[in-house]
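One structure below.
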Amino acid sequence: MVKPSSSAATKDDARALIHSLRSAYSATPTNLKIIDLYVVFAVSTALIQVAYMAIVGSFPFNSFLSGVLSCVGTAVLAVCLRIQVNKENKEFKDLPPERAFADFVLCNLVLHLVIMNFLG
Amino acid sequence: MAKSPIFILFSLIITFTVTNSFSIENPTDRRILVLLDDLALKSSHSIFFNSLESRGFDLDFKLSDDPKIALQRYGQYLYDALILFTPNSERFGGNLDVAGILEFVDSGKDLIVAADSSASDLIRNVAAECGVDFDEDPSAMVIDHGSYAVSGTEGDHTLIAADDFVQADVLLGNTKIEAPVLFKGIGHSVNPANSLVLKVLSASPSAYSANPKSKLSSPPSLSGSSISLVSVVQARNNARVVFSGSLDLFSNKFFKSPVQKAGSSNKYEKSGNQQFVTELSKWVFHERGHLKAVNVRHHRVGETEEPAIYRINDDLEYLVEIYEWSGSSWEPYVANDVQVQFYMMSPYVLKTMSSDKKGLYLASFKVPDVYGVFQFKVEYQRLGYTSLSLAKQIPVRPFRHNEYERFIPTAFPYYGASFSTMAGFLIFSFVYLYSK
Amino acid sequence: MEALPEGVDIGDYVFAFEIVLSDPELKSNMQLLDLPGKNDVALSANHLQKLHLSFLLTTPLGKPFKPHQHIFVVENTGKQFKITLDFLGLVEKFFYLSGQCDIELTVGDAVMENSFLQLLGSIELDLPKAPEKATQPPPQVVSPYLRFGPKAEINHIFRVPEKRPPQEVSYAFLGLVLVPLLTFLVGLLRLGVNFKNFPTSAVPATFAILFHGGIAAVLLLYVLFWLKLDLFTTLKTLGLLGIFLMFVGHRTFLTLPQQQPS
Amino acid sequence: MAVPVDTVTKQPQPPPPSPSSLRFAFGNVLAFFILLLIGVLAFSIRLFSVIKYESVIHEFDPYFNYRVTQFLTKNGIYDFWNWFDDRTWYPLGRVIGGTVYPGLTLTAGTIWKVLQSLNIPLSVETVCVFTAPVFSAFAAWATYLLTKEVKGTGAGLTAAVLLAMVPSYISRSVAGSYDNEAVAIFALIFTFYLYIKTLNTGSLFYATLNSLSYFYMVCSWGGYTFIINLIPMHVLLCIVTGRYSSRLYIAYAPLVVLGTLLAALVPVVGFNAVMTSEHFASFLVFIVIHVVALAYYIKGILSPKMFKVAATLVVSVGLVVCLAVVGVLVAVVASSPTKGWSGRSLSLLDPTYASKYIPIIASVSEHQPPTWPSYFMDLNVLAFLVPAGIIACFSPLSDASSFVILYLVMSVYFSGVMVRLMLVLAPAACIMSGIALSEAFEVFTRSIKFYISSLSEFLETDAGDVMPGSNGSPQFDVLKTEKKEDSLKERPSRKNKKKEKDVVVVKEKSSVKSKTEKRPLVLPAEVSFFALFLTVLLGAFYVVHSVWAAAEAYSAPSIVLTSHSHDGLHVFDDFREAYAWLSHNTEVDDKVASWWDYGYQTTAMANRTVIVDNNTWNNTHIATVGTAMSSPEKAGWEIFNSLDVKYVLVVFGGLVGYPSDDINKFLWMVRIGGGVFPHIKEPDYLRDGQYRIDSQATPTMLNSLMYKLSYFRFVETDGGKGYDRVRRTEIGKKHFKLTHFEEVFTTHHWMVRIYKLKPQKNRIRGKTKKTKSKTISSTPRSGTTKKNPWH
């Protein structure tokens, strides 16, 4: 889930790091976990498309763009939502999660409208 | 989508230029003015004139210094053609001058000019304006020791038996002219680069143009087969002009006299002059070789009405009907070399049109995948025929936004991804709100 | 001289002819040739050399005779009885065109019966390169028959479309792309999501359902838009749906119990 | 980090004591009315052109936009989108829908439609004429919002009023100059405002709006690349200076994704939004910010010592990713021919680029670098206030203020490259000056307040009702209100960040120091009064200058010209005269050739097909026309004839002294033509390096088609002298004939001359000279000597 796990570093450091990461992450509340899962879903979809493009070439380029960017956009927006509803984040005390979610929905609807328009 | 009016406007704009000599319907001349140096010519050349009259022309004979000569009245031309048998007169009566004659030609009328040795400046200027240069030495004649006409009397080989005709049936008729043509007079040269003038009867390689009386001091300015004896000019507006270096060419004497070419044994009872002159006069007076193009149209394959604008990669058909004037009626013109261009600054498509031997020509091709304002061009110029040049403007547009290919199999994964993210979003929004 | 025809009233013409091709340094090579013979001379010269041609023409009585026409035709050009061709002076008039030139001799007069045009031979000229400002040679004369002939056909070469991959690949990836969605669902289950938070009382529940139904409707509208609708109808419908959605969403969020999993 | 002052005002906070809340409400109402006045001012100051001349579309590009708008209103959006225009660039044609920035057209079209639906019958032209002023009012309001985000209401109002009158913006947005910039500047400022807003609130809602307004900007103007490069630079700046916050992420990441997608929707941009280098910076920063965000996140959930380990890894990974991406980008860029940069943007980075490689770009006057006077002309006192504004922005330095500073710096650089981009600089300068002024007023008024603190309450209350009645100059109104606004703003901020108050005061004090001579916080009253007076004077001077600029300098519609001379006012309406002649006396599909400056006007006003026009997308085609103009008559005729041209139009100012005519542009034609057709050589047209058309001119010059068409029959105007009033000299070649062209129309003041191509000759002459005399030369002629080289 988190990049460092795939990086080459001194073994024990990495292991310790991963362990602490695990422990730290397990503390995160469920709703954030849902968001993370959502992000992962989007990113992996994007990666698959990039792989496909690498294989067959970028012929319907607009379709490719909209396909990938829809995933990236979804991920980004989800991350934004996560930031806003994260209780640890002190900056957003004044922003009620409902408002954040409403914005999130709006933003997503706009995004998908554009995607549909650009998909060709 | 409503078609933009601009395009509709353009479809109406058609550049259609067929320059006919007179009326589209009957291009043959009718009224001919004949100018003579003296009326004796009228009798000495009667055969020629009679043949014209017998073909339905009405001739109007005038002396060259007749003060009442007038080509036009109230801006209307009184004649359809002009015959100048005035080799020697320096100026015409009335108000007719070189400019007047050229104007006459430029308005599509026809002209026959017969010069002679010591041709006048008037004639020379008319000729020069049309691209025919008579030998400037006034006393020069065409001499040919190689192919002179054998005859008892004269000894200076200036009576030439010429048989180097231009190979064009439209000019000289279908029946081949067997006997050589008798020629006695001045030679001229034409600029080979000049695409409008054409040598009909040229001299033999051994001919040269000089004064037979005097010793040849300097090399002759004209020599060999570059000498032209009889030339025709077809102006850009299809006005036709004949220049002959010899007035006797048209005379009864030459018409009737037998001819034998030097060096060759076979003798002809009758020179080729009459046939030559008659056929040539048919051509010059638009009894032959006059084309018209009608019903120019184009449309997409499988449709009939003409679109205001084509799209790239459309398949289209271009049709045109071409007829030739036979002197009395319009006959279908049959040829296999009519070509149409699809032209934008340079031809993108150049195609030979297929013809159903009834005058209808058709070409079908695919519009290039280049947008722009194209033109259908038919530039048909054949030896002796009036030139057809049709141009028709038609814009070619690129694809509309909704004419591109959609639902491409290659893009299915992308479509799938987009929709799966949408579905994911729906699920997520539900789950996220209500899971505790 | 069998070329002379029979029955000449003036008699035979004695004929002597020579061509001299002389270099500037005066070493010259001379060729005599017997005229009617078919032995054409083939010479080659550069622009520094001169060409002397001369012939003698006499009556049978041995008197020299000067006919009216005596023309050398070098590229149909006329010249004198006795002549020196200085190529240096001629390069201008040959337009610096090197190559083969034919030399022809025409002799004729009214009193001669055997006026003739005879090919003497050919000369290979190599002339210097043309300078910049030299007058251009006259345009190559196209015979009228050719000039009016049809042109070569032209066909437009179309762009070749991009090559498509085999459809199997596309379908395979289509499936592959949908996998993450499934994994997402599975993941949700493994996270043990539940709808405990779903409003239990009737009114908020309906609002909630309406809200999500609205979202679904909008997404469906998008799909339709992609399939067939055009932009404006879509936007109009979207506007209506949006208003509805805002209202419902507002109510939903009001009635939504604050989830504070702390 | 310091939360910007203003967010305070919109946070739900404990209700303040009633008197202050009263003032608070009162202040808002007042601010609203002031904004209204500012809007009216911005609109009305741009109407001079209509009052002094007439309600007419101005110079060149506006005519094209006008024509496009007409098409749009007639045929609807889809036809407009797919419009293939075969009236221009004959015979190539132009895909208008795909090559035009549709924002302006769509805006005007929508306004027109709305008005129609409201049964307000305005002609399309009227709407087009008044679009620019309306949008400059919007721009002023957007400036208010932006500056308010940065430095509070007072600064906002000042900046707005300054922008409403800034000359450089007026020059592009007077009534009738119906050009992209008119709406683009509004879009620019508004986008920046929304960016700052998102940055301050960190709400996705504003992020969405932001990308939408960015979309509008992309629709409107090619200058959108300025935004998509400036914002990433700011983000990078924040990250580097360690000011990263998750709000920054929310402000940036969605913008990039949505913005790129939306930009790609605009046909003229299309895939450029991802393919060309102008946009790569944003993607790079996009990746960087993700790496950084991840780093911060992990830092958040990890213990510090563990984080050290993580940091190294994350950073290394991040570096790897970045390097990879950079490598890819470099590869892409290097592969693309012009290094992926369009000519104009290249000329931005390397000012000498255009003049070196692209004569067409260089030939446009507005692409030249500006001169120093033009800065003073266009910005006036702002140029001096800007530094003060920068200093004020540094105290305290918030994300917003840092952004404004960056914006200013970049736009200063760009304006130094192209006069045209002075337009981008103007808002920045206004914002800075607004901040500076308001700060100054705040200091002065506060010191006055403290000085007479006993009277302060009274002063403020009655200032309120003195206000509306006070003298007319809105500038002065604002100045008065400044002190209210600021003093008002003091309270709440003092209230809820008490601990910070001293800091703030100190900061302000420092800024005061930097502006005025070293003094303690409170200046003596007389100094304050005096300074106040001076500042007001400064403002007044600015107002006077702006009004003068609007009235005199920038309101001439270059389609109708006027000149004042001893015998009164002259009006030169030759252009419309000529175009009317064309539209009435020529076939509807005739092709008219002219230099490209007049292409748009010809298509719009004469409705005739042109060969080239102001949208200079095809260098070769323009070069062809340039070559024809600089060739001798016959060659020119052949070129034009090959393009099916029927008429040639030249603009000639020599008679009335109209300087920007074709003869003065001729060198550009030669250069552009020579760039493609090497047989046109510039030196041939210059007599030892200088351009002259008098008797010293080179024969090439005197024989060029342009010279002949311009000066044909010119001597007849002044009795054989042929004195050119522009070049201030007698022309070199006075008497000559045209063989291939015939003059068909020349306007009243000879400013436009129209020639018709003569048809091909009906006959081809022979070689023989016309022998007028009886003497017949027997000497061999040139033609025949070809045949016998011996003579």
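Quick note on labels: first sequence line is chain A, next is B, and so on, each numbered from 1. Because the structure is a prediction, the values reported are computed rather than measured.
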| note | Shortest non-hydrogen pair, T201(D) vs F92(A), comes out as O-CE2, 3.9 Å

| query | Which value, rounded to the nearest 0.5 Å, describes the distance between T260(D) atom OG1 and F118(A) atom CZ? | reply | 10.5 Å

| query | Under a 4.5 Å heavy-atom cutoff, which of N86(A), V79(A), L81(A) has the most pairs with chain D? | reply | V79(A)

| field | Of all pairs that satisfy salt bridge (charged side-chain N to carboxylate O under 4.0 Å, His left out), the ones with a partner from residues 58-83 of chain A, not counting sequence neighbours | value | D36(A)-R82(A)

| Can you find a heavy atom in the side chain of L204(D) that is under 4.5 Å from one in the side chain of L77(A)? | yes

| task | Below 4.5 Å from any heavy atom of chain A, which atoms of F286(D) appear? Answer side chain, backbone, both or neither. | result | side chain

| Among A264(D), A293(D), A253(D), S246(D), residue most engaged with chain A (heavy-atom pairs, under 4.5 Å) | S246(D)

| query | Quick one: which residues of residues 43-52 of chain A reach chain D at under 4.5 angstrom, heavy atoms only? | reply | none

| Closest heavy-atom pair and its distance - P254(D), V76(A) | N-CG1, 3.7 Å

| request: For chain D, find its close neighbours in residues 57-64 of chain A: heavy-atom separation under 4.5 Å, sorted by number, or none. | output: F61(A), N62(A)

| Can you name the residues that form a side chain to side chain contact (heavy atoms under 4.5 Å, CB included) with N117(A), not counting sequence neighbours? | F225(C), L231(C), L265(D)

| Heavy-atom proximity to chain D below 4.5 Å, by part of L111(A) | both

| message | Distance check, rounded to the nearest 0.5 Å: L209(D) atom CG versus L106(A) atom CG? | response | 7.5 Å

| query | Given a strict heavy-atom distance threshold of 4.5 Å, which part of S23(A) is in contact with chain D: side chain, backbone, both, or neither? | reply | neither

| task | Name the region of L69(A), side chain, backbone, both or neither, that has any atom closer than 4.5 Å to a heavy atom of chain D. | result | both

| Heavy-atom distance under 4.5 Å to chain A: side chain of V256(D), backbone, both or neither? | neither

| request: Could you tell me whether a side-chain N or O of Q84(A) sits under 3.5 Å from a main-chain N or O of G202(D), the two making a donor and an acceptor? | output: yes

| Any side-chain heavy atom of Y206(D) within less than 4.5 Å of one from D103(A)? | no

| Non-hydrogen atoms of chain A under 4.5 Å away: do they reach the side chain of Y297(D), the backbone, both or neither? | side chain

| message | Within this structure, what is the CE-CG distance for the pair M275(D) and L65(A), rounded to the nearest 0.5 Å? | response | 8.5 Å

| What part of L261(D) lies closer than 4.5 angstrom to a heavy atom of chain A: side chain, backbone, both or neither? | both

| request: Please state whether the side chain, the backbone, both or neither of A16(A) comes within less than 4.5 Å of a heavy atom of chain D. | output: both

| Using a cut-off of under 4.5 Å for heavy-atom pairs, which of C80(A), A100(A), A24(A) has the most such pairs with chain D? | C80(A)

| query | If you tally heavy-atom pairs under 4.5 Å against chain A, which of V320(D), I250(D), V257(D) wins? | reply | I250(D)

| query | Between S211(D), S203(D), G270(D), which residue shows the highest count of heavy-atom pairs closer than 4.5 Å to chain A? | reply | S203(D)

